[in-house]
Amino acid sequence: MRIGVLTFPGSLDDVDAARAIRLAGGEPVPLWHGDHDLKDVDAVVLPGGFSYGDYLRAGAIAARSPLMRDVVAAAGGGLPVLGICNGFQVLCEAGLLPGALTRNSHLHFRNRDQGLLVERADTAWTSAYTTGQTIVVPVKNGEGRYVAAPADLDRIEGEGRVVVRYTGGNPNGSSRDIAGVTSADGRVVGLMPHPEHAVEALTGPSTDGLGFFTSVLSAMVTS
Amino acid sequence: MSATEGLSDLDTGPGRLANRLDTVDLAASTPDDEQPYAELGLRADEYDRIRGILGRRPTTAELAMYSVMWSEHCSYKSSKVHLRRFGDLPPSDALLVGIGENAGVVDVGDGYAVTFKVESHNHPSYVEPYQGAATGVGGIVRDILTMGARPVAVMDSLRFGRADAPDTARVLPGVVAGVGGYGNCLGLPNIGGELLFDDCYAGNPLVNALCVGVMRHEDVRLAKAEGVGNKAVLFGARTGGDGIGGVSVLASETFDDAADGERGPAKRPAVQVGDPFTEKLLIEACLEIFAADLVTGIQDLGGAGLSCATSELASAGTGGMHVDLDTVPLRDSTLTPAEILMSESQERMCAIVEPAKVDAFLAVCRRWDVLATVIGEVTDGERLTVDWHGERIVDVPPRTVAHEGPVYERPMRRPADLDALQADDPARLPAPSGPDELRAAWLAVVSSPDGADKSWVTEQYDRYVRGNTVQAGPEDAGVVRIDEVTHRGIALALDGNARFARLDPYTGAQLNLAEAYRNVAVSGAVPLAVTNCLNFGSPEEPEVMWQFAEAVRGLADGCRELGLPVTGGNVSLYNQTGDVPINPTPVIGVLGVHADVRRRVPTGWRAAGETVLLLGETRPEFGGSAWASVVHGHLGGRPPALDLPAERALGGLLAALSAAGLVSSAHDLADGGLAQALTESALRYGVGATLTLPGEPFPTLFSESVARAVVTTSDAGAVRAAAERAGVPVTELGTTGGAALTAGELELSLDELRAAWSATLPALFGSPADAVGTVPAGTVPTS
Amino acid sequence: MSRVVVDVVLKPEISDPQGQAVLGALGRLGHSGVRSVRQGKHFVLEVDGDPDEAELRQIAETLLANPVIEDVELHLSTD
Amino acid sequence: MSRVVVDVVLKPEISDPQGQAVLGALGRLGHSGVRSVRQGKHFVLEVDGDPDEAELRQIAETLLANPVIEDVELHLSTD
Ligand SMILES: Nc1ncnc2c1ncn2[C@@H]1O[C@H](COP(=O)(O)OP(=O)(O)O)[C@@H](O)[C@H]1O
Ligand SMILES: [Mg+2]
């Protein structure tokens, strides 16, 4: 099972995402932003980091890179895509997910171990969990505040597009504690927290994050 | 021709007195032109020496080069004679590259080598906190990269004025945001550091940053220019007018009588803006270049920019190098040649590349969007020459610029107030007695800005990136895995108690070494090597010079006794406000090795029912203690007695306990003594303890005697036996469990301890509004 | 050569913690006359020849701003 | 009530990685006519009554910008 990890200039957590895929039993395949080549992968992870320094807006420049055009097209055909942190920002900027991520309400970068409530356990990336389950994974961002116009938030919630919500404290002022959302078909998921940093007891606060990667592997077996 | 005419040749704009460049030929034919050497910080005898070396007056560009390279910062002219003590330490098997390179390199086993170094960026961080701190991190990361290593983690050691001083509210949030902004954007986990407050740093905060990198033995790279015909490639950011404030004297000198006010001298900023994104690309490009074996030598551009890089590369190599300055890519086309040579624009490196490999080198840079330009080559002979617009403006023996600068034995004098200070024994202070007074003192110490929870700061740093962080703050040592298969890893700690150093710099430096050593040891690692950053006042002040010399002597003696090499470091002098120097602040870093990081020992208690043991011996020692400082605002007496053999025994014991899996936690005792350590271990996971304090409660809780640690175990008998064999005294303190720390009538609930400990920094710096103005319009990496 | 200024501001319905932080700091410093502060971004572009307003508007609206949360103002001037 | 706009821009001699990043992106997106981009901050203040220019300038220069590396431009307008 081949899962692509897309590296942009300034991607940082690509090594972590690849490790998580390996630990889940998949084969990580490095993808390069400037190529027009998805290398026949079965799914794609957009990792965390500061693509192009996030100097303009987090994810804005990366969302306009050559390979992202291919990712958007493939996602339209049902390719599972996971965006973590900067990857989530890229997905919103690319229009694959609704809403936007902006400066944290307290204006600081914040890194802490975060409780998350799983609200959708039926997406390509969350089937290993159960609805209502609480998991702990690291969160770390400075522009992680999920926002949208109130009417859009109502719609997003009404359509059940919220995948995970912050619990035990909102780390960045996200609207309605939203930590991650999905596309209508449940194949594209983006979240600010970092499941790939919670895959080994030695280095993470838990191994709760592994489920994202095992989910997509089993989704691909069954589909 | 008048002096001003000679210098004005630098400028080609309108209103100039003359339009000729100050070339080597011109300098030879105008030997008597006056030059502004004093404004550039050179003494008359230093200037004469330059004239002697060159056999003529220096050109403007040469004068600029010598003046920066012979500055205290670059030449170590006041500190060199003392630092030799580190080089005189007995050879260590672990040391692969010693002092003199950008950073030392040590063998950590299994074919891995580790390079680490700490550097200061104190003054820039006061002027522009965010960018000053950010570029401090950027600079030390490039030093590590230059050695051929992948940087894997950073640490930061920070000191500010009083926590409640208004200026601290300006400086601290910006510094923290800058350290985080740069390191986070580079993808380097921050694994620890220090945060301390003292009035002496009010106008002079200390921002010391450490970086550690990992490579295979065969990957070590050195900064030398060898092989005639090899190319010098400048790569990374364009060159602008950053950080050449001092050197613009050369430009401004021409405007003495520009009363007609046609145009003023170029204003060159002394502060640089960091670009961590470019640095991240530089890292990835360099690592690809190293892997493909495309360089024969490499040097980062830091202080003194191209002057430093070219003269050091040439000086360390065969000696000859030629640079064509017109090829340097500029951000600002108005720069004069002297300014280009001096610019401290960030995120630049210079490599020496064989001609056949230049294309491959440039291709890697293109792939990473890194600008790279051939600017010169290695030449026969022993001269560094620089041309500008086809004319020779520099022709010097590079060693005289880079490595043979002035060296001073500055006068030294024991501070006049030291006897009185040492005689002011804290034994005279009223000590707390009875549960109420003890509880009040306890809460005061753990809620003081130095003792309080640092997560307001550490939450702004990414600790997880790269997925190898096994421990970070608030653990005693940062621990990083370097091999996922063998589980080999490293531990690092930084410590610099300046109160101890003020009371006795010789012992104080050793106490700091001992503390860093102990912090690494409690994690279960075997200490291997030492780095340091020596922050002191003005070396022209004999009392400061004495403090400096004593601290270096202490550190060298301590390292000898512990059998550890000093692999490198940094000296920061002139840290003072007006005439008042900071307390001598030698910050010491110790690196240790974990054969298996899965055996690392954390500081927090996780389980109830474990036995709490105190290792080591407690004496009533309060000189320079946190208790005396927090409760009485007192600094006096003697620091705690040093006992390096006891540190060694404790370190050996802790490594053995960790290897045998006998302890579930270990925490060293330092500032704030046992009270501080118990609080931190209990609050980590919310597990209390019921204790029986041996002897007098006050010294037991607050003394800062050395060579001590608290451990928890489910096999007290085995730990006791091991301690006995190691000759380490053991005292049973009690049992973990419950929601309080209880010792007889003295009881502190974890809730009240947590409230006291964790409220301090958020109350001082916490509200979002305090973040205003801490991040300038420039680089704002935020996600 | 012309100079184009693009100001990017958050839409009014999106909260602006940076502006609020400035407002709070102003209050503490005694500048009580300031009622509200909003913080945005300010871009200065130098463009060859005459500016092509349609192209610049597209740049501003698709790259310099995220239309989900931000509005743009364009100011053209030719030197 | 008046409206005051404060633009904070990096001094020309200071490097501007943000503007560089935007310029690079524009080039890759085919907008080759853009020669340079500088990025700054844009503040919109609403002030009671008539604006006190001296006070506002002081606010701009001490709170909104660091004069070591940044310049400010003030635009007053009364509604
Ligand atoms: N306090 C110190 N202890 C040991 N070595 C030091 C100390 N200060 C400086 N050095 C060494 O002197 C050399 C020059 O230092 P420096 O000029 O700061 O290097 P760089 O320019 O690469 O940062 C380096 O090898 C450094 O490790
Ligand atoms: Mg160096």
Region of A:Glu200 that comes under 4.5 Å of a non-hydrogen atom in chain B: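 It is the side chain, since no backbone atom gets that close.
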Side chain / backbone / both / neither for A:Pro171 at chain B, heavy atoms under 4.5 Å: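 Neither part.
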Where B:Cys185 and A:Gly53 come nearest, the two heavy atoms and their spacing: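 Here B:Cys185 and A:Gly53 meet closest at SG-CA, 4.1 Å.
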Measure distances from [X] to the heavy atoms of chain A and classify the residue's part below 4.5 Å as side chain, backbone, both or neither.
X	value
B:Val176	neither
B:Arg481	side chain
B:Leu188	neither

Validation row, ring centre B:Phe277 to ring centre A:Tyr52 under 6.0 Å: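 Yes, ring centres under 6.0 Å apart.
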B:Tyr464-A:Asp13 side chain donor-acceptor pair, cut-off 3.5 Å: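 No donor-acceptor contact under 3.5 Å links the two side chains.
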Heavy-atom side-chain contact between A:Arg19 and B:Asn468 under 4.5 Å: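 Yes, close enough: below the 4.5 Å cut-off.
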Side-chain heavy-atom pair A:Tyr55, B:Pro276 within 4.5 angstrom cut-off: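 SC-SC contact between A:Tyr55 and B:Pro276 confirmed.
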Ion pair check, B:Glu459 and A:Lys140, cut-off under 4.0 Å: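 No.
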Among B:Arg600, B:Gln471, B:Glu484, side-chain contact (heavy atoms from CB on, under 4.5 Å) partner for A:Leu202: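 Testing A:Leu202 for a side-chain contact (heavy atoms from CB on, under 4.5 Å) against B:Arg600, B:Gln471, B:Glu484 leaves exactly one candidate, B:Arg600.
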What option among [options] has the most heavy-atom pairs under 4.5 Å with chain A?
options	answer
B:Gly467, B:Ser455, B:Ala472, B:Gly187	B:Gly467
B:His487, B:Arg367, B:Glu284	B:Arg367
B:Gln460, B:Lys280, B:Arg463, B:Arg598	B:Gln460
B:Thr469, B:Asp462, B:Asp369	B:Asp462

Heavy-atom neighbours of A:Arg22 CZ exceed 12 at 6.0 Å: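 Yes - once you tally the heavy atoms of other residues, nucleotides and ligands closer than 6.0 Å, there are more than 12.
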Residue, of A:Asp16, A:Asp14, A:Asn111, that accumulates the most heavy atom pairs under 4.5 Å with chain B: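 Heavy-atom pairs under 4.5 Å are most numerous for A:Asn111.
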Rounded distance (nearest 0.5 Å) linking atom CZ of A:Arg110 with atom OH of B:Tyr461: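 Between atom CZ of A:Arg110 and atom OH of B:Tyr461 there are 14.5 Å.
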Distance in Å, A:Phe50 CZ paired with B:Asn184 CG, rounded so as to fall on 0.5 Å steps: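 Reported to 0.5 Å precision, the distance equals 5.0 Å.
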